[in-house]
Amino acid sequence: TDPIYAHELGANTILSTAAYLAKQGLWKQCRNLGIYLIAQDYEWPFLHWPINEFAKDPKRYRMQWVVEEPMFLGHYIEDEPTAGPGATPLPHLAKLSAAVREMDPYHPRFISEQTGWDRIYAYTPIVDVIGYHLYASSQGYSEHHVEANTHGMAQIVRDTKPMWVTLQA
């Protein structure tokens, strides 16, 4: 999702996977348009290292500049992760979510799903916000499709977590 297009559609928040986070001018465009980013960082695979390694040298980890960005709304933990056996979170994502919370207790952790209700069951307990995302395109989505999926998520979450429907970059 291009921030300008998202703004034209009336959106106030977009998801940004790591590939788009480094896009030239993305943060500046979002600041100028008043659009918040829920962002994922390239370096998250390295969170398999002990958390105290990051505490020793926080400049080594880019999260520092991301959380100081005024348009940063929250951490995008994973894009449509699969669920483990019995609708459980994958262990590395549970570990990642806990590590992100330890490094930044002030911004919500977010996972967005499009398919598989077992995934909503699996990941709701390890994040602060659960969501559903759309891709802004000329093909669009029908309002009925968005409404049905949001209603299904609400049935699973049952007011235990906020739910955000967002545009994805």
Does the side chain of Ser112 come within less than 4.5 Å of Glu80's, by heavy atoms? no

A side-chain contact here means heavy atoms from C-beta on lying under 4.5 Å apart; do Leu37 and Met71 qualify? no

Out of curiosity, Phe110 CZ to Ile130 CD1, how far, rounded to the nearest 0.5 Å? 7.5 Å

So does Val100 get a backbone contact from the side chain of Arg109, meaning a donor-acceptor N/O pair under 3.5 Å? no

Given 3.5 Å as the limit, does a donor-acceptor pair link the side chain of Tyr123 with the main chain of Thr82, or not? yes

Ring pair (Phe, Tyr, Trp, His ring centres under 6.0 Å) partners for His7, two or more places apart: none

Within a strict 4.5 Å, meaning less than it, do heavy atoms of the Pro162 and Trp164 side chains meet? yes

Do Lys95 and Pro91 come within less than 4.5 Å of each other through their side chains, counting heavy atoms only? no

Closest heavy-atom contact between Ile35 and Ala11? CG1-O, 4.0 Å

If you measure from the Lys or Arg side-chain nitrogens to the Asp or Glu carboxylate oxygens, is any gap between Asp128 and Arg101 under 4.0 Å? yes

When rounded to the nearest 0.5 angstrom, what is the spacing between CZ in Phe72 and CD1 in Ile38? 9.0 Å

If I take atom OG1 from residue Thr88 and atom CG from residue Leu93, how far apart are they, to the nearest 0.5 angstrom? 11.0 Å

Taking atom CG of Leu33 and atom NZ of Lys28, what is their separation to the nearest 0.5 Å? 11.5 Å

Counting only N and O atoms by type, is there a donor-acceptor contact under 3.5 Å from the side chain of Thr160 to the main-chain atoms of Val157? yes

Residues which pass side chain to side chain donor-acceptor pair (under 3.5 Å) with Asn12, listed by chain and number, not counting sequence neighbours: none

Closest heavy-atom pair, Ala83 versus Leu90, reported as atoms and distance to 0.1 Å, is C-CD2, 4.2 Å

Side chains of Tyr76 and Ile111: does their closest heavy-atom pair fall under 4.5 Å? no

Any donor-acceptor pair under 3.5 Å from Ser97 side chain to Ala94 backbone: no

Between Leu73 and His107, is there a side-chain heavy-atom distance shorter than 4.5 Å? no

Contact between Val129 and Met163 at the side-chain level, heavy atoms closer than 4.5 Å - yes or no? no

I want to check something: taking the side chain as every heavy atom from C-beta on, are Trp27 and Asn32 in contact at a cut-off of under 4.5 Å? no

